[in-house]
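The chains referred to below are lettered A, B, ... by the order of the sequence lines, with proteins before strands, and numbering in each begins at 1. What you see is a predicted model, and the numbers here were worked out from it, not measured in a lab.
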Number of protein chains: 2
Amino acid sequence: MGDEGTTTDGRRVRGQRRRAQIIEATLTVVRRDGAAGVTHRAVAKEAGITTSLTTYYFATLDDLLVAALTEVADTYTEHIRRIMDTSDDPVRDFAALVAASAGEGRERALAERELSTLAARRPALRPVARRWRERVADLAWLRTSDPRAVEVFVAVSEGLCAAILLDEGRADPEHVRAVLERALAGG
Amino acid sequence: MGDEGTTTDGRRVRGQRRRAQIIEATLTVVRRDGAAGVTHRAVAKEAGITTSLTTYYFATLDDLLVAALTEVADTYTEHIRRIMDTSDDPVRDFAALVAASAGEGRERALAERELSTLAARRPALRPVARRWRERVADLAWLRTSDPRAVEVFVAVSEGLCAAILLDEGRADPEHVRAVLERALAGG
DNA sequence: AGACAACTAGAACCATCGTACAATTACTTC
DNA sequence: GAAGTAATTGTACGATGGTTCTAGTTGTCT
């Protein structure tokens, strides 16, 4: 609800910018304090604006979280699309992306997981999360035409990410890649 | 902190019972409203006791959540141990357990996922969550001696569970089993 | 029976949060 | 430059929640 952005005249441009800024601040908060830390006030403070502005652009906190997950999913999708378009070894690059969840990408991966968990309880978010996994599947289709292998690949990538988040950091890209390759191979 | 229970005399028995009762109520709340819905008051109301009691047994909300996740993990572990001890086809029975996340076991699986996500941010919980996955690995070791196959199996089981939670219900035990079997086979 | 610790109840304090609202400013359009 | 709409601010209300405190009860040991 409360969606503008269809008009292309100057009026709404500023608004869209603010909107993006607020979402960005929300993601920062999620990365730092988790989804539970997302409050109008925390987000507003992070963005350097007043509390009323966040409620102006997102009537309810839920709207804000939905927008945040959507943004995260879009970013991820874009990332994968780029890998698919430019890489000569997509699985290797994807493995690097997954493995990054241990280091510099940890907070991002944590945010992704928290928001994705949130999606399980909010029907409105499920299509977003599903599209997310479909992109990973697209990547697998490059290497196999066996639907079951694709399914294993997607599941493994999700499971690996979870494992990395819980195993405090040890994640060798080469190792991740090997596991992913094995998932693709299969009997 | 605040851990008793080492003494075996009568004094603490009542206390341990209360403790278990509070944890049980906490899990009910988590299943119903998610981890975010866990408050001293909500838990107390669920258990039919006063708010001060929950703080008496669990000084902070965090302690309560930690105890709840530990309990969930223990239950899961026990479940798997029983499958390993008694089943003639552990993978089939495990698949049934995973597939149940779609139907009657959905709330339970949701609670597990939320608490496990919580673990990623709480170092104190990581060993618990890790033991959890080790039990699944134990199950895989029954069927293969290839460490990589075991790793794929564990990751797949986690990913499948996530997929089931997001794909609103469609989860055929036979299908889950087939995917798990494929993960074990591998090239 | 008395002492002492475990346990339970009820209320209250203080902080935070979601949300609403009126007032003010910035921008666009005519 | 006047009018009108979008954007922004400051403030406040009502509700909820974590935590603490005090007082009272129960059970156990000597």
Rounded to whole Å, how long is the line connecting atom [atom1] of [X] with atom [atom2] of [N]?
{"X": "A/Lys45", "N": "C/dT16", "atom1": "NZ", "atom2": "C1'", "result": "13 Å"}
{"X": "A/Leu53", "N": "C/dC21", "atom1": "CG", "atom2": "P", "result": "17 Å"}
{"X": "B/Gln16", "N": "C/dA6", "atom1": "CD", "atom2": "P", "result": "13 Å"}
{"X": "A/Ile22", "N": "D/dA7", "atom1": "CD1", "atom2": "C1'", "result": "11 Å"}
{"X": "A/Phe58", "N": "C/dT19", "atom1": "CZ", "atom2": "P", "result": "14 Å"}
{"X": "B/His40", "N": "C/dA12", "atom1": "NE2", "atom2": "C1'", "result": "16 Å"}
{"X": "B/Arg17", "N": "D/dG27", "atom1": "CZ", "atom2": "P", "result": "12 Å"}
{"X": "A/Asp62", "N": "C/dG18", "atom1": "CG", "atom2": "P", "result": "11 Å"}

(request) Please tell me which of B/Arg41 and A/Gly48 maps to the more 5' nucleotide of DNA chain D, matching each residue to the nucleotide holding its nearest heavy atom. (result) A/Gly48

If you compare every side-chain N and O of [X] against the phosphate oxygens of [N] (OP1, OP2), does one of them come in below 4.0 Å?
{"X": "B/Tyr57", "N": "C/dA6", "value": "no"}
{"X": "A/Arg18", "N": "D/dT8", "value": "yes"}
{"X": "A/Tyr56", "N": "D/dT9", "value": "no"}

Closest listed nucleotide, where the reference is the side chain of [X] and the choices are [options]:
{"X": "B/Thr60", "options": "D/dT8, C/dG18, D/dT19", "value": "D/dT19"}
{"X": "B/Ser52", "options": "C/dG10, C/dC21, C/dT8", "value": "C/dG10"}
{"X": "A/Thr50", "options": "D/dT19, C/dA9, D/dG10", "value": "D/dG10"}

(request) Return the orientation label for the B/Trp132 and B/Tyr76 ring planes: parallel under 30°, perpendicular over 60°, tilted otherwise. (result) tilted

(request) Please determine if A/Glu134 and A/Arg81 form a salt bridge, counting it only when a charged side-chain N lies under 4.0 Å from a carboxylate O. (result) no

(message) So that I can tick it off, tell me whether B/Arg182 and A/Glu151 are bridged by a salt bridge, with the cut-off set at under 4.0 angstrom between side-chain N and carboxylate O.
(response) no

(request) Verify whether one side chain among A/Thr117 and B/Arg113 offers a donor that lies under 3.5 Å from an acceptor in the other. (result) yes

(message) Applying a 4.0 Å non-hydrogen cut-off, can you work out what B/Val38 is touching in the nucleic acid: base, sugar-phosphate, or nothing?
(response) sugar-phosphate

(message) Using a heavy-atom cut-off of 4.0 Å across all strands, would you classify B/Thr39 as base, sugar-phosphate, or nothing?
(response) sugar-phosphate

(message) Counting only heavy atoms not in B/Arg82 (residues, nucleotides, ligands), do more than 12 fall under 6.0 Å from its CZ?
(response) no

